[in-house]
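Below is one structure; the comments refer to it alone.
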Amino acid sequence: MVTRVSTAEVFRLATGSLVQQQTRLLETQQQLASGRRIQSPADDPTGSTRALDLTRAIESTRQFNRNADMATSRLGQEETALATVTGNLQRVRELTIQAANASQTDATRANIAAEIAQRRDELVDLANTRDANGEYLFAGFNSTSRPFANTSDGVRYDGDQGQRSLAVSPNREIAVDDSGYAVFMDLPAGNGTFEVAADAGNTGGAAIGSGSVTDPAAYTADEYTIEFTAPDTFEVRDGGGTLIATNVAYEPGNTIDEIPGLEVVIKGTAATGDEFRITPAGSQDLFSTYDEIITALQSPAGSSAGNGQLQTSVNRALTAFDGALGHMQDQRAEVGARLQSIDSQTGLNTQLELDLESARSGVEDLDMAAAISRFQQQLTSFEAAQSSFSRIQGLSLFRFLG
Amino acid sequence: MSSSIFGTATSALLASQRALTTTSHNVANANTEGYSRQSVDFATREPFREGPGFVGTGVEVDRIRRAYDRFVATNLGSAIAGQAKQSELAGLAGEVDNVLADPAAGLTPALNGFFGSIQDVANDPTSTAARTAALSEAGSLASRFDNLDSRFDELDARVQSRISSAVAETNETAASLAGINREILEVQGSASEPQPNDLLDERDRLVNRLVEQVGASSRERADGAVDVFIGQGQAVVVGTEAMNLAVNDNRLDPGAPPVTLAGTDATINVGSFVGGRLGGLVEFGSSVLEPARNALGRIALGVTEATNATQRLGLDLDGAFGEDFFRPIGDAARVAPGSDNTGSASVSASVVDADALTTSDYRLSRSGATFNLERLADGQVTDVSAALGGGAPASVTVDGVEISLDSGSMDDGDRFQIQPTRDAAAAFDVALADGRDIAAAGAVRSSVSAGNTGSAAITQPETSSTTGLPLSSNGGPIELAFDAGANEFTVTNGPGGTLAYDPAADASGRSYSLAGFGGMEFTISGVPADGDRLTITDNSGSQGDNRNALRMAGVEQAAVLDGGNASVGEAYGSLVAEVGTRTRSAQTAEAVQSTRLDAARAERDAVSGVNLDEEAANLLRFQQSYEASARVVAVANELFDTLLRAVSR
């Protein structure tokens, strides 16, 4: 216990505590003015580091949502293009069915072929669609040069098989396009397993349908030949020339199931020596399907043989169009699924951003009510210190002397 | 008789006068810092014997006493030293803290901006606008680094100039103290002489000033002079002699410490154990500023190295492999030889692996046949004799820093100071000049052959180096042809050979890595038919590819520092936390020391301070005593008059 107080000490203590209270008052005032609890990292080192982390997370979440907007717009454009392609396909399919009608003549078929040719050019334009930034949508990585070129051999794909992805969360990338190869070039030929063809030298009017697989386990991919040994009998050989069935009676429209695992239907009058081939399906581009049916419709079909070829071509084309429609449907479903997952990710991101914002505000922001009441309290005690100082400094014995 | 009354009264008048003088001296010095209250000790004068007893002869002033307590004064000194040190430290640390305080001005928004702009490039890789924006964001990042570093640099310069002025002031104070010691010795001579109170106060004031500057301790000698020491007994003032402190301007010099004391026998390093203001300054440099600058430099190195590494793996808009995005700063490492080195060795250092870096400085030294590399932050010593002992040229890599002995040789005792990260933030700069040069595309791409009848698919290959790339100058595109009989892909070009693939087991995907050809990794899935082909080619012309841009944007989240434990953003966060914690603890220590100082002052003032009320009372007391003595003179005079009247009658 200090028993003696020096006069200088009295003043020093009083001013010291006044200054200190004033400093505290100012600190609270600064907090109130900025609305922030942490004025500098030293106020709360852990809190300010946490605030930095949260700010970083908020910023990158915002960026991910910007990416998602970009992805949505790109996929939206792809979806529009694919929808138009689907419409185009449906129209061409209708035209093909129309062309197969017995009432058509060579001339009317040529008119239909001309319309399909128009549609084909439209399809090439669609395949060369550009996005809002002028990039080709269906070019893979090579998005700055025109991916589909018309040549005398059909349409050539100059793009690549790359697929662009965008990041919509730290560990989620979503594809925002499909290469022209995947959309237009890599379609299943025939019925997806095998395709049928009539020999160009057939003289009869028989036509083969696209057939189907009845037993995938029994089916062996090979090149089978159905050859008519007489107008009412045929034999079947496999790729090695081995006879699988011989002297089979032909009844137009009956199912032919001699080849293990598959069945096909041949209709119409066959001639001796006519051949039909069944080959494993590879991939086919959509443009050559168009080209094929255009060529078939332009060929004269007045003769029985010509009609048989036309029917086979129409059968092939219809199967191909159905396959292509299914393929486009798949592509659109895929795009739709991506759009949906972007949507749900954006929702997650937005929620996350809100959560992070509120966490940051909890760390960084001032509790106004508490701060204001603290300010009041500090103000009161500051004023008390001032008034008590003015009283104390008036106490001096010298005042009473003299 | 009346003459003895006169004598007695006169002595009382004189004594009261002296007491009044002393009291008024107290009143006058009530506000003088370091003034010790003085009081007068009265003593009775020697009586004389007369007849039956001794007759008093009045009063005399025995001595003028200084209210002083050695223990209290020493306590005050150490409180002053502690407070001065912590206040200096807290003040300066607070400035570093303020540099990092504003979340909008720190590194975080610049890092966010840069990596966000790379995401924008990934969103739209063919857009030159997005690429130009990315370069300008990189420029902002560079200027933010530069800005932070120059703020640190300013602080550093200020600390250096304060150290210089503190040393100058210390030397001046020490000289004055030596002078006061001399005066004290002259006036006092021996212990029996009266104390020169005001000189002693002046002496204590100077001692306290020295204590405040350098945290010294003092010892009073019997003759009244005082000796002052710092650290473990290094004398600054001995009697009438003062030693000089000196600042080493070449701060990189590992041969000389920052502050030295030029003693009688040798120059002593006192940098590490000075206290007071100078101690606070030295400690601020070594424990706050330098680690902060090093940490900032390490972040700059991390951003540069990770971004450049990714950039080099990709192709720019013109199909060429990416050039450095940021200027390589690995060789910005500072190396300084000791000023007392005698060998001819030339040593250089460069950062080869930012991930392994620490924020410490290093010292390479030779002792006998042993070459040691000491990490200064924690004192861990690595024996590098095996690598460097064989003579130049030789090199060793420790903590991601390659230290090379380029030429010459180190003598015994030679030292080199190495600062791998100190200058990196200032050197951080954008190297690319054209947005087209941002390597957004991957190096190679894969495709399935159009004639394939199987369903085999291949992912786009990821590369991890540029070895064996581009494929066009290393044998051409790599082709994988499936051999259904052997269940394998025959590889043409590239590494050649075969890749086993069993469609029955691997249809859901099997991963491969081609060492030597960019270390490319890809996955094959599906069921290939015999003869089906997969092709990997150079990715030329693929301006729309954003794979590498995505990877570059991923650098923001990647743990590229601190041994794979921290992303660049996290490293900045821990820098802020470290400075914040350091500042906070300095502020707390300052508050504690201030309280201690207040208590020590109060204690000293309780002993030595002037209380004006007390002096007012004393004034009255001595005034009354003076008046009473004067009254005695009057009485004596009356007695004399009475006698004269009796005689004259």
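Chain letters run A, B, ... following the sequence lines, proteins first and then strands; every chain starts at 1. Only heavy atoms go into these numbers, but all of them, side chains included; no hydrogens, no water, no symmetry mates.
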Response to the item:
The interface call for B/Arg582 against chain A, heavy-atom contacts under 4.5 Å, is neither
Worksheet item: In terms of heavy-atom proximity below 4.5 Å to chain A, should B/Gln543 be classed as side chain, backbone, both, or neither?
Response: both
Response to the item:
Comparing B/Val448, B/Val27, B/Ile458 against chain A, the one with the most heavy-atom pairs below 4.5 Å turns out to be B/Val448
Worksheet item: Side-chain contact, heavy-atom cut-off 4.5 Å: B/Glu615 with A/Thr7?
Response: no
Item to complete: Please name the pair of heavy atoms, one in B/Asn31 and one in A/Ala8, separated by the smallest distance, quoted to 0.1 Å.
Response: OD1-CB, 3.9 Å
Fill in: Leading residue by heavy atom contact count with chain B [cutoff under 4.5 Å; candidates A/Leu13, A/Asp131, A/Asp43]
A/Asp43
Item to complete: With a 4.5 angstrom heavy-atom cut-off, could you sort out which part of B/Asn112 is near chain A: side chain, backbone, both or neither?
Response: side chain
Worksheet item: What option among B/Asp605, B/Leu111, B/Asn123 has the most heavy-atom pairs under 4.5 Å with chain A?
Response: B/Asn123
Worksheet item: Do B/Asn546 and A/Leu166 touch side chain to side chain, with heavy atoms closer than 4.5 Å?
Response: yes
Discussion item. Does any backbone or side-chain atom of B/Val576 lie under 4.5 Å from a heavy atom of chain A? Answer side chain, backbone, both or neither.
Written reply: both
Response to the item:
Distance col, row A/Arg62:CZ vs B/Gln119:CD, nearest 0.5 angstrom, shows 15.0 Å
Item to complete: Check A/Pro45 against B/Arg584 and note the closest heavy-atom contact, atom names and distance.
Response: CD-CD, 3.7 Å
Worksheet entry | Between B/Asn611 and A/Glu9, a side-chain donor and acceptor under 3.5 Å | no
Discussion item. Counting heavy-atom pairs under 4.5 Å with chain A, which one of B/Thr126, B/Leu619, B/Thr581 comes out on top?
Written reply: B/Thr126
Worksheet item: chain A: which of B/Ala122, B/Pro109, B/Gly94, B/Pro125 shares the most heavy-atom pairs with it under 4.5 Å?
Response: B/Pro125
Discussion item. Using side-chain heavy atoms (C-beta onward) and a distance below 4.5 Å, is B/Phe115 in contact with A/Glu59?
Written reply: no
Fill in: Which of B/Asp120, B/Asp598, B/Leu620 touches chain A most, by non-hydrogen pairs under 4.5 Å
B/Asp120
Worksheet, complete the sentence: Rounded to the nearest 0.5 angstrom, the CG-CG distance for B/Asp124 and A/Asn67 is 11.5 Å
Worksheet item: B/Glu614 versus chain A, heavy atoms under 4.5 Å apart: side chain, backbone, both or neither?
Response: side chain
Worksheet item: For B/Ser585, is it the side chain, the backbone, both, or neither that has a heavy atom closer than 4.5 Å to a heavy atom of chain A?
Response: neither
Practice prompt. Of all the heavy-atom pairs spanning B/Glu556 and A/Ser60, show the shortest one and how long it is.
Written response: OE1-CB, 4.5 Å
Item to complete: Starting at CZ of A/Arg56, measure out to CD of B/Gln557 and round the result to the nearest 0.5 Å.
Response: 8.0 Å
Worksheet item: Looking at B/Ser608, B/Ser574, B/Gly573, B/Gly454, which one has more heavy-atom pairs under 4.5 Å with chain A than the rest?
Response: B/Gly573
